[in-house]
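Scroll down for the structure; my scribbles are underneath it.
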Amino acid sequence: MVKKILWVMLCYLFLAMIGIPLFVTVVMGGFRQEHIQEAKVLYGLQDYMQAEQKKPIKQPEEQNELETYVVGVVSAEMPASFPDEALKAQAVAARTYQVRKMEEVGSDKVLYDVGQAYADEAAQRKKWGAQYETYAKKIQDLVSQTKGEIMVYEGEPILAVFHAQSCGKTENSENVWVQKIPYLKSVDSHGDLQAPDNTVTVTKSAKAVKQALSCYGDLGVSAEALSFDNIKRSHAGYIQQVQVGNQTLTGLEVRQALGLRSADFTVARNGDDFVFTTKGYGHGAGMSQYGAKALADEGMTYHAILQHYYTGISFDHIA
């Protein structure tokens, strides 16, 4: 009888001290999970990841295809006669841009429609003619020297945009795409001023200009009375705002509608025509290709060139 009483008391103590709290804990969501979920909501996932091992950047399904793709982009995007360090900078930029786009859509396969020019072997042979063997080997060797290398900011592949040549300074990202990106800041690119056709003048009839810009709405004036007024520029020199008739447009909108080389332009009326003088070629953000050439000619390595154009970045290799 005594043993039976003792057994009942032990069972009661177990339930009171261990069993019931255990049951409540399980019903309320487990031991550690609830705390982790709350911490992620309150403080953000990044704070919780500090004690966790960082996952490597995902490797493409076919590493060789990615490197072949980079060769094709460099072949299409930058003259093969450019200095080695400029071409290697272009290779890392092209690879980084591709890897970021692949991660954005969760793809293990190379994407060929992400906005970078690409030249396959046939296109390379057509482009280089008798110099195909020389240039193809040069670019393949240089890309190989950067194999798997990408640029990262806070552990993530950067948006490695680039353009042909600037107006002497590159542009802040927010002046091109609204969003402020910390590594896409305006930097000096004086070498572009010596690039071929850095300054170009084109003449367009006032009638054609009015017709093209009317895509943004009624300008409210005739072609004869059309003018460009109240021009506001960024620190780098690109037009941010301009009054055209009764429409307020951005320099990028004017550039796109009129097919101008850049948003850094001056405009003058000449009878029934407008004369536009542009500086640079492209949107102006990120790496300037001719600027990279100039820096390479000055003795900069491709790492230094990339760190010049992409502020605060570091380098990583896809795993």
Side-chain angles (χ1 to χ4, degrees), residues 77 97 113-117 159 161-291 309:
E77 288 281 6
Y97 190 89
D113 57 349
V114 294
Q116 299 190 114
L159 181 62
V161 293
F162 50 86
H163 57 283
Q165 51 181 270
S166 76
C167 61
K169 291 182 179 179
T170 64
E171 184 60 288
N172 288 327
S173 62
E174 63 268 27
N175 294 333
V176 181
W177 301 293
V178 180
Q179 183 182 2
K180 187 174 183 179
I181 301 175
Y183 49 80
L184 294 179
K185 295 181 179 179
S186 177
V187 298
D188 175 77
S189 191
H190 62 274
D192 286 321
L193 300 179
Q194 280 70 54
D197 297 324
N198 183 257
T199 301
V200 172
T201 297
V202 295
T203 300
K204 297 179 180 290
S205 71
K207 184 178 179 180
V209 169
K210 181 189 175 184
Q211 183 178 358
L213 294 181
S214 292
C215 69
Y216 299 117
D218 183 9
L219 301 181
V221 295
S222 65
E224 291 74 21
L226 190 64
S227 63
F228 290 73
D229 303 300
N230 303 320
I231 293 176
K232 297 180 181 179
R233 298 179 181 272
S234 69
H235 175 72
Y238 297 89
I239 292 179
Q240 295 300 291
Q241 187 174 298
V242 57
Q243 189 76 25
V244 187
N246 63 8
Q247 293 288 334
T248 300
L249 304 176
T250 66
L252 289 171
E253 288 174 330
V254 175
R255 178 200 174 202
Q256 182 176 4
L258 299 181
L260 303 178
R261 285 168 61 89
S262 86
D264 181 357
F265 59 84
T266 59
V267 55
R269 186 74 187 238
N270 183 19
D272 293 333
D273 299 324
F274 282 107
V275 179
F276 296 90
T277 301
T278 59
K279 291 179 66 177
Y281 188 15
H283 50 64
M287 184 182 75
S288 162
Q289 293 168 309
Y290 273 90
Y309 284 111

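Values below: every heavy atom of this structure, side chains too, minus hydrogens, waters and symmetry copies. Remember, it's a predicted structure, so these values are computed and weren't measured experimentally.
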- Of Asp197, Asn198, Asp192, which is the lone residue that meets side-chain hydrogen bond (donor to acceptor under 3.5 Å, both in side chains) with Gln165? Asn198
- Query: Is the count of non-hydrogen atoms from other residues, nucleotides or ligands lying under 6.0 Å from Glu174 atom CD greater than 12?
  - Reply: yes
- Work out which heavy atom in Lys185 is nearest to a heavy atom in Thr170; give both atom names and the distance. O-OG1, 3.4 Å
- Item | Rounded distance [0.5 Å steps], CG in Asp272 versus OG in Ser205 | 8.5 Å
- Task: Drop me the distance from Asp264's CG to Thr199's OG1, to the nearest 0.5 angstrom.
- Result: 8.5 Å
- Item | Main-chain N/O of Arg261 paired with Arg255 side-chain donor or acceptor, under 3.5 Å | yes
- Note on the structure: For Gln243 and Thr248, the nearest pair of non-hydrogen atoms, with its separation, is OE1-OG1, 2.8 Å
- CG/Asn246: more than 12 non-hydrogen atoms of other groups inside 6.0 Å: yes
- Residue pairs passing the salt bridge (charged side-chain N to carboxylate O under 4.0 Å, His left out) test where at least one lies in residues 203-231, sequence neighbours excluded: none
- Message: To check you understand the geometry: which heavy-atom pair defines the closest contact between Tyr238 and His283, and what is its length?
- Response: CE2-O, 4.4 Å
- Could you check Phe228 against Val254 for side-chain contact (heavy atoms from CB on, under 4.5 Å), going step by step and ending with a plain yes or no? CA-CA 11 Å; Phe228 290 73; Val254 175; 4.3 Å; yes
- Task: Can you measure from CD1 (Ile239) to NZ (Lys232) and round to the nearest 0.5 angstrom?
- Result: 13.0 Å
- Message: Could you check whether Asp273 and Thr203, counting side-chain N and O atoms only, form a donor-acceptor pair closer than 3.5 Å?
- Response: no
- Query: Quick check: does any side chain N or O of Arg269 sit under 3.5 Å from a backbone N or O of Gly271, one acting as donor and the other as acceptor?
  - Reply: yes
- Message: Please find the pair of heavy atoms, one from Ser189 and one from Tyr309, that lie closest to each other, and give the distance.
- Response: OG-OH, 2.8 Å
- Message: Side chains of Glu253 and Val242, heavy atoms from C-beta outward: is any pair under 4.5 Å?
- Response: no
- Can you tell me how far CG of Asn172 sits from CD of Gln179, rounded to the nearest 0.5 angstrom? 13.0 Å
- Message: Looking at Glu171 and Ala236, would you say the former's side chain and the latter's main chain have a donor-acceptor pair under 3.5 Å?
- Response: no
- Residues at least two apart in sequence or cross-chain that pass side-chain hydrogen bond (donor to acceptor under 3.5 Å, both in side chains) with Thr277, listed by chain then number, are Thr201
- Query: Are more than 12 heavy atoms from other residues, nucleotides or ligands located less than 6.0 Å from atom CD of Gln256?
  - Reply: no
- Taking the six-membered ring for Trp and the single ring otherwise, decide whether the centroids of Tyr281 and Tyr290 are under 6.0 Å apart. no
- Note on the structure: dist Lys169:NZ -> Lys279:NZ (nearest 0.5 Å) comes out at 10.0 Å
- Item | Where Val176 and Ala285 come nearest, the two heavy atoms and their spacing | CG2-CB, 4.2 Å
- Determine whether the aromatic ring centres of Phe274 and Phe265 lie less than 6.0 Å apart. no
- Task: Flag the pair Val209 / Phe276 as yes when at least one side-chain heavy-atom distance between them is below 4.5 Å, and no otherwise.
- Result: yes
- Query: At their closest point, which heavy atom of Ser262 faces which heavy atom of Gly282, and how far apart are they?
  - Reply: CB-O, 3.8 Å
